[in-house]
Protein chains: 2
Amino acid sequence: MGSKQLTEMLKGTLEGIVLAVLATRPAYGYEITARLREQGFTDIVEGTVYAVLVRIERRGLVDVEKVPSEKGPPRKVYTLNAEGRTVLDEFWRNWEFLAARIHQLHEEN
Amino acid sequence: MGSKQLTEMLKGTLEGIVLAVLATRPAYGYEITARLREQGFTDIVEGTVYAVLVRIERRGLVDVEKVPSEKGPPRKVYTLNAEGRTVLDEFWRNWEFLAARIHQLHEEN
DNA sequence: CCCAGTATTCAGTGTTGCCAAGTACCAGTA
DNA sequence: TACTGGTACTTGGCAACACTGAATACTGGG
């Protein structure tokens, strides 16, 4: 990434970000990467997103379906399932906790 | 930490948090740990904070002074210097960027 | 003299995002 | 046919980071 700091910050949040993207609608890796790039994560690399997807699939947070593409190899479409929604909810709680503490620290400066 | 998720989220932010604490006033490791615990990071362990302090000292973000304590071994008091303030400012920028993206994602759900 | 509280250090572990390269499939073009 | 470029996924190695657990050291009170 542009900043080493931001890279470290993404650890732990990128997974939640991907889950949140999938919560709006099912998607496949290449698409998710593109969407994140549009949304400002300009330096996000495909390999990173795919690694997250492999992980959340192995942990059973998503259902996977292979869908043929006219433009290339088959897409692996990921759909957030109940388990994933639970983890996403936990992510939001943790994020809000952390954001609140950090906001407080920012005020004190 | 209580949650593995929160642990991962702390990567990259804990350093900023410590810098922010030092920005309010100089402090030593044991004290910082205690303050963070009071502020809600109940499961933060001393070893973790000390590791951050070693790192930011090695990178020249703080000035260090050994101060005798009546209650135990000498304290290493850390003071944020100009270099550290620069890194802290960068942290705030990165944090706000990330928080904005994630907030946006939260709205879309 | 031991114990609890204060205060710091350090080796080892697991998770994570990044990097780089490779594989595979298709359409258009020369 | 051969070549290029865009699409789409996989993988091995690396560095950074927070956590664990244990060790060390200093002080005052029972």
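Just so it is clear: chains get the letters A, B, ... in the order the sequence lines come, proteins before strands, and each one is counted from 1. Just so you know, these numbers use all the heavy atoms, side chains as well, and skip hydrogens, waters and symmetry mates.
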Contacts of type side-chain contact (heavy atoms from CB on, under 4.5 Å), residue [X], not counting sequence neighbours:
X        : value
A:Thr48  : A:Leu14, A:Val45
B:Tyr30  : B:Tyr28, B:Glu46, B:Tyr50
A:Ala23  : A:Leu80, A:Leu88, B:Asn109
A:Gln104 : A:Arg101, A:Glu108

Can you find a heavy atom in the side chain of [X] that is under 4.5 Å from one in the side chain of [Y]?
X       : Y       : result
A:Leu22 : A:Thr79 : no
B:Leu10 : B:Phe41 : yes
B:Ile32 : B:Leu53 : yes
A:Val49 : A:Ile44 : yes

Name the residue closer to the 5' end of DNA chain C, choosing between A:Arg59 and B:Gly47 according to the nucleotide with the nearest heavy atom.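 Checking each residue's closest nucleotide, the 5'-ward one belongs to B:Gly47.
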
Can you list, pair by pair, the side-chain donor-acceptor contacts under 3.5 Å of residues 60-71 of chain A, counting residues two or more places apart and other chains?
from: A:Asp63; atom 1: OD1; to: A:Asn81; atom 2: ND2; distance (Å): 3.3
from: A:Ser69; atom 1: OG; to: A:Lys71; atom 2: N; distance (Å): 3.0
from: A:Ser69; atom 1: OG; to: A:Gly72; atom 2: N; distance (Å): 3.4

Here's a test of your reading of the structure: between A:Ala51 and B:Thr13, which maps to the more 5' nucleotide of DNA chain D?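 By nearest-heavy-atom nucleotide position, the 5'-most residue is A:Ala51.
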
For the pair B:Trp92 and A:His106, name the ring-plane relationship: parallel under 30°, tilted 30 to 60°, perpendicular over 60°.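 Correct class here is parallel.
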
Which parts of residues 21-39 of chain B get close to DNA chain C, meaning a heavy atom less than 4.0 angstrom away?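 When residues 21-39 of chain B is checked for heavy atoms under 4.0 Å from DNA chain C, the hits, listed by number, are B:Tyr28, B:Gly29, B:Tyr30.
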
Between [atom2] of [N] and [atom1] of [X], the distance in whole Å:
X       : N      : atom1 : atom2 : answer
B:Phe41 : D:dC19 : CZ    : P     : 10 Å
A:Glu15 : C:dC18 : CD    : P     : 14 Å
A:Arg75 : D:dT7  : CZ    : P     : 10 Å
B:Leu10 : C:dT16 : CG    : P     : 14 Å
B:Leu6  : D:dC19 : CG    : C1'   : 13 Å
B:Ile44 : C:dA7  : CD1   : P     : 18 Å
A:Lys66 : D:dC9  : NZ    : C1'   : 9 Å
B:Leu53 : C:dA7  : CG    : P     : 14 Å

State which of C:dT9, C:dC18, D:dA18 makes the closest approach to the side chain of B:Lys76.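 Looking only at heavy atoms from C-beta outward on B:Lys76, the closest nucleotide is C:dT9.
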
Look at the side-chain N and O atoms of B:Tyr50 and state whether any lies under 4.0 Å from the OP1 or OP2 oxygen of C:dT8.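 Yes, such a contact exists.
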
Can you check whether B:Thr48 has a side-chain N or O nearer than 4.0 Å to OP1 or OP2 of D:dC19?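 So the side-chain polar atoms of B:Thr48 do come within 4.0 Å of the phosphate oxygens OP1 or OP2 of D:dC19, strictly under.
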
Nucleotide N/O to protein N/O under 3.5 Å, stretch nucleotides 23-29 of chain D:
from: D:dT27; atom 1: O3'; to: B:Glu70; atom 2: O; distance (Å): 3.4

Between the two end axes of the helix from C:dC1-D:dG30 to C:dA30-D:dT1, each built from 5 base pairs, what angle do you get to the nearest 10°?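 Inter-axis angle at the termini of the helix from C:dC1-D:dG30 to C:dA30-D:dT1: 20°.
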
Base, sugar-phosphate, or nothing for A:Val54, non-hydrogen atoms under 4.0 angstrom?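 The residue A:Val54 makes no contact with any strand.
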
Restricting both atoms to N or O, compile the protein contacts to nucleotides 13-16 of chain D shorter than 3.5 Å, with distance only.
from: D:dA16; atom 1: N3; to: A:Lys11; atom 2: NZ; distance (Å): 3.1

Nearest 0.5 Å, what's the CE-OG1 distance between A:Met9 and B:Thr13?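 Result: 7.0 Å between the selected atoms.
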
List the residues meeting ring-ring contact (aromatic ring centres under 6.0 Å, His included) with B:His103, not counting sequence neighbours, and say none if there are none.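 So B:His103 forms no ring-ring contact (aromatic ring centres under 6.0 Å, His included) with any residue.
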
Tell me which pairs pass salt bridge (Lys or Arg N to Asp or Glu O under 4.0 Å) where either residue lies in residues 5-27 of chain B, with sequence neighbours left out.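 Passing the test, one end in residues 5-27 of chain B: B:Glu8-B:Lys11, B:Glu15-B:Arg55, B:Glu15-B:Arg59.
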
Which residues satisfy the side chain to side chain donor-acceptor pair (under 3.5 Å) test with B:Arg85, sequence neighbours excluded?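 Side chain to side chain donor-acceptor pair (under 3.5 Å) check on B:Arg85 returns nothing, list empty.
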
